K.L.:
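There's a structure below that I have some questions on.
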Amino acid sequence: MAMLNPQAEELNRIIKTHSPTVYELLSKKGKAIYYPKKGILAQGQAAKDKEINATIGTACEDDGKPMILPSVARHIDLNTKDVFPYAPSEGLKPLRDKWKELMMWKNPSLATKEFSLPVVTCGVTHALSMVGYLFIEETDEIIMADLYWENYDLVFTCGYGAELKFFNFFKNRKFDIDSFRETISAKPIGKKIVLLNFPNNPSGYTPTKDAAKEIISVLTEAAKAGNKLAVILDDSYFGLDFEDGIFAESFFSQLAHAHENLLAIKMDGITKEEYAWGFRVGFVTYGIKNGGSELYKALEDKTAGAVRGNISNAPNISQSLLLSAMQSETHAAEKELNKEKLKERYVKVRETLNAHTEYEKYFEALPFNSGYFMCVSLKNVNTDKVWELLLKKYSTGVICYSEKNLLRIAFSSTPLHKIEDLFNNIYSACKDCAS
Ligand SMILES: Cc1ncc(COP(=O)(O)O)c(C=O)c1O
């Protein structure tokens, strides 16, 4: 590998001084990356208010406004300066501040704690990829539940060569804490990367408060035993909790200050939380016990450097739109309304399952209490055949996990009045396949 740039060395020195653990967790790419302090973007920033600014590679009118095409601009109800120019690689500062403020509001236990400013990415997938870039080597394993979002294969295995190592998710309809403990505490002691995704895709499960306590304790014990842990928290479906008694805060709120050997990395975004799937804005936020502002700034710089080297920056228009929306007085109530609609569908799924005991011959639900999805585990029938029949005979599409004999059902996208039909169709398809 080429010699490290002195700016990368400087960031590494800061990181090592404030947290040898974080330094050890960095991948080779993570150690090499930096945000160019004197690069084109920084020099452009320095010249921003000058009389003559001939720095940055965008086109401007003679009065300094962005040179735009009216046929594009006429569809947009924002100031052109908040839309057309590049956004900074780390994201718009007011949006980052607002997201952090909201994070503390949504997670009251974070309110008094120090953690980094969120760095903006191009959606959560990109946030995951950037964390792969910074922390994952080809020799690393990533510990996660055996029910997981399939794109982790592409991001972590295909993208960074890591191996996914699974713990068993459920035992007796509860989080399998024994399997989790066994996997986390497996020897040798050393670097461990863990990924938790709650509410989970595909199961729609979030741990109860008691299970959450145990999960946090297992991770803290592993850190105390000398492991260096990077715990990636994929909070894509944050906030969609539909039952009392589940752990509704992000695990970040407890893990960001759990131990000096444990770096918590929160991934979240506007995709699901703000009902803006195609906008492509995500965030990466760091927390570690006794972290401190210098460490966090160095991590933010490295993350911004990784963003700069991969996509340069996330869309300005999406960031500006969301910032403006989140400052609106009606924003919180609008979100609550959508959540209520999703909860109604969730309740309908539960009612339907309770009302039809005959379903149990062919399928039963895995534990679910949150998010967009739930899964049914099929018995006595071939999952692929049921899936095919659902499409062909019953005009019904669900996601099939053949190896696990599961069907994933997105109640988030199913109209309320079709939920009962959906389950009846699954039952009929199973019956057809069994006969
Ligand atoms: C668990 C999980 N993580 C991440 C994502 C990706 O989010 P984004 O669309 O913001 O990249 C999804 C989207 O389906 C998801 O289910």
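Indexing begins at 1, ligand by ligand and atom by atom, following the structure's order. All values below come from the heavy atoms of this structure, side chains included, with hydrogens, waters and symmetry mates left out. If you're wondering where the values come from, they're calculated on a predicted model, not measured in any experiment.
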K.L.:
Do me a favour and list the nearest non-hydrogen protein atom to atom 11 (O) of ligand 1 with residue, atom name and distance?
P.N.:
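Here the closest protein heavy atom is T125 OG1, 2.5 Å.
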
K.L.:
Please confirm whether the ring centroid of F170 lies under 6.0 Å from the ring centroid of Y205.
P.N.:
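So the answer is yes for these two rings.
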
K.L.:
Using a 4.0 Å cutoff against the non-hydrogen atoms of K272, which atoms of ligand 1 qualify?
P.N.:
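Heavy-atom distances to K272 below 4.0 Å select 13 (C), 14 (O).
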
K.L.:
Report the relative orientation of the aromatic rings in Y237 and F373; use parallel for angles under 30°, tilted for 30 to 60°, perpendicular for over 60°.
P.N.:
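Rings of Y237 and F373: perpendicular, as their planes differ by over 60°.
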
K.L.:
Compute the minimum heavy-atom distance from R280 to ligand 1 and say whether it is under 4.0 Å.
P.N.:
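True for this residue.
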
K.L.:
Any atom of ligand 1 sitting under 4.0 Å from a heavy atom of F283?
P.N.:
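Contact absent.
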
K.L.:
Mind checking whether Y346 and F242 have parallel, tilted or perpendicular rings, split at 30° and 60°?
P.N.:
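Y346 vs F242 ring planes: tilted.
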
K.L.:
Could you tell me how the ring of F283 sits relative to the ring of W99: parallel (under 30°), tilted (30 to 60°) or perpendicular (over 60°)?
P.N.:
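Geometry flag for W99 against F283: parallel rings.
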
K.L.:
Thinking salt bridges, do E336 and K341 make one under a 4.0 Å N-O criterion?
P.N.:
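Here E336 does not pair with K341 in a salt bridge, since their nearest N and O are not under 4.0 Å apart.
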
K.L.:
Among protein heavy atoms, which lies nearest atom 2 (C) of ligand 1, and at what distance?
P.N.:
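The protein heavy atom lying closest is D234 OD2, 3.4 Å.
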
K.L.:
Could you list the atoms of ligand 1 found under 4.0 angstrom from a heavy atom of T271?
P.N.:
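Selected atoms, number and element: 8 (P), 9 (O), 10 (O).
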
K.L.:
Select the closest option to atom 5 (C) of ligand 1 among Y372, Y148, W149, F279, judged by heavy-atom distance.
P.N.:
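Selected option, by shortest heavy-atom distance: W149.
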
K.L.:
Should W277 be listed as contacting ligand 1, given a heavy-atom distance under 4.0 Å as the test?
P.N.:
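Checking ligand 1 against W277, which is what was asked, there is no heavy-atom contact under 4.0 Å.
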
K.L.:
Pull out every atom of ligand 1 sitting under 4.0 Å from any heavy atom of N197, numbered as shown with elements.
P.N.:
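This gives 1 (C) as the contact atoms.
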
K.L.:
Could you find the nearest protein heavy atom to atom 7 (O) of ligand 1 and give me its residue, atom name and distance?
P.N.:
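Going by distance alone, atom 7 (O) of ligand 1 is nearest to V124 CB, 3.5 Å.
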
K.L.:
Got V22 and L299 here, is their nearest side-chain heavy-atom distance under 4.5 Å?
P.N.:
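They are in contact (side-chain heavy atoms under 4.5 Å apart), so the answer is yes.
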
K.L.:
I'd like to know whether ligand 1 has M267 as a neighbour, heavy-atom separation below 4.0 Å.
P.N.:
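Under 4.0 Å: no for M267.
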
K.L.:
Identify which of P199, A410, G123, S236 has a heavy atom lying nearest to atom 4 (C) of ligand 1.
P.N.:
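Of the listed residues, S236 has the closest heavy atom.
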
K.L.:
Under 6.0 Å from the six-membered ring centre of F238 and within 45° of its axis: does the NZ or CZ of K266 meet both?
P.N.:
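The answer is yes, since K266 meets both limits relative to F238.
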
K.L.:
Under 3.5 Å, N or O to N or O, is F373 touching ligand 1 that way?
P.N.:
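No.
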
K.L.:
I'd like to check which ligand 1 atoms, numbered from 1 as shown, lie under 4.0 Å from a non-hydrogen atom of Y152.
P.N.:
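Checking each atom against Y152, I get 1 (C).
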
K.L.:
Tell me whether the rings of F156 and Y152 are parallel (<30°), tilted (30 to 60°) or perpendicular (>60°).
P.N.:
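Ring orientation of F156 relative to Y152: tilted.
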
K.L.:
How far is atom 16 (O) of ligand 1 from its nearest protein heavy atom, and which residue and atom is that?
P.N.:
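Here the closest protein heavy atom is Y237 OH, 2.6 Å.
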
K.L.:
Please work out which of the three classes, parallel, tilted or perpendicular, describes the rings of F252 and F115, given edges at 30° and 60°.
P.N.:
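Answer is perpendicular, since the angle exceeds 60°.
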
K.L.:
Using 30° and 60° as the class limits, which term best fits the ring planes of W277 and Y275: parallel, tilted or perpendicular?
P.N.:
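W277 vs Y275 ring planes: perpendicular.
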
